[in-house]
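First up is the structure itself, then whatever we jot down about it.
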Amino acid sequence: MLVYPSGVDVSTSALRFLAARLREHRRALGTRWRRLNAGRQALLTLAHLRNGQPYAQLAAGFGIGTTTAYRYITEAVNLLTALAPTLAEAVRAASTKAYVLLDGTLLPIDRIAADRPFYSGKYKKHGMNVQVMADPKGRLLWASPALAGAVHDVRAAREHGIIEALTEAGITCWADKGYQGAGGTVRLPYRGRWDSLSTGQQAANRSHAKIRALVEQAIATLKSWRLLRKLRCSTTRITSLVQAVLVLQLAATG
């Protein structure tokens, strides 16, 4: 296999953050020596998450075995996952904002047509449903555990307890028509054909769309980590990957 220099477009603060956590972890384990130091292990993990490169290619580039690369990345991902904010912590952070934005996104997976639970009728592809919460400026606040793609947004929000938590905290939430019937503090646009809406309803929907549109920025931020654009791993690992990316992104911007 040919090896060449490459780059990872990730903030150095994310690298320093992960490297520091890995050093703490190694001290706790009493680790004396490894093929890669904590900084290189952090870089290996960032390259995998950001660029989506296979373990074999990364192993060749870092001069280690494929199994070692997999073990190092899995260790780092699990460490990051344990640091991910809970919904309660995210709601506390959101309580300082004027309101929050909520939307669901589909993370594509390599599943066949027979895997109906993972097929999203909305997106016409197989994937995992992840709920994303953003602040009024479109900055990522929280990302939910992943559910099968066939789960609708409003059902996913209820299963995660998002609507109940925001309502109890009295936080206004702007969402799209996919959350019809959510209730609580969730604000939705008026339903119906555009020409059947009154002038006031049309104006309200325009204003609503303008406010809610910024949640797409948070979703784009999440998917800037290319591994999440086409997942080829077991569906049981996707939540860990999403949570790891969330922690790194918060570390880079916080």
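Bear in mind the structure is a predicted one, so any value in this text is a computation, not a measurement.
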Checklist entry - Can you check side chain to side chain contact (heavy atoms under 4.5 Å, CB included) on Met133 and Leu101, steps first, answer last? => result CA-CA 6 Å; Met133 191 185 302; Leu101 308 172; over 6 Å; no
Next on the checklist: Under the side chain to side chain donor-acceptor pair (under 3.5 Å) definition, can you give me all pairs with a residue in residues 18-37, not counting sequence neighbours?
Outcome noted: Arg21-Glu24, His25-Glu75, Arg26-Gln41, Arg34-Glu75
Item to check | salt bridge (Lys or Arg N to Asp or Glu O under 4.0 Å) partners for Arg50, two or more places apart | outcome: Asp9
Next on the checklist: Any carboxylate oxygen within less than 4.0 angstrom of a Lys/Arg side-chain nitrogen, looking at Asp135 and Lys137?
Outcome noted: no
Checklist entry - Does Gln201 use its side chain to pair, donor to acceptor, with the backbone of Ser198 at less than 3.5 Å? => result yes
Next on the checklist: One pair to check against side chain to side chain donor-acceptor pair (under 3.5 Å): Arg71 and Thr67. What are the steps and the verdict?
Outcome noted: CA-CA 6 Å; Arg71 188 173 69 251; Thr67 302; over 6 Å; no
Checklist entry - Does any N or O in the side chain of Thr172 come within less than 3.5 Å of the main-chain N or O of Thr185, such that one atom is a donor and the other an acceptor? => result no
Next on the checklist: Show, in sequence, the C-alpha distance, side-chain angles and deciding distance for Trp225 and Gln249, and conclude whether the side chain to side chain donor-acceptor pair (under 3.5 Å) test is met.
Outcome noted: CA-CA 9 Å; Trp225 297 79; Gln249 190 61 47; 3.0 Å; yes
Item to check | Partners meeting ring-ring contact (aromatic ring centres under 6.0 Å, His included) with Tyr190 (sequence neighbours left out) | outcome: none
Checklist entry - Between the main-chain N or O of Ala204 and the side-chain N or O of Ser207, is there a donor-acceptor pair closer than 3.5 Å? => result no
Next on the checklist: Centre-to-centre under 6.0 Å for Tyr119 and His126, is that the case here?
Outcome noted: yes
Item to check | Val100 side chain reached by Leu141 side chain, heavy atoms, under 4.5 Å | outcome: yes
Checklist entry - Angle class for the Tyr55/Tyr70 ring planes (parallel below 30°, perpendicular above 60°, tilted otherwise)? => result perpendicular
Item to check | Expected output: side-chain Ser196 to main-chain Gly192 donor-acceptor under 3.5 Å | outcome: no
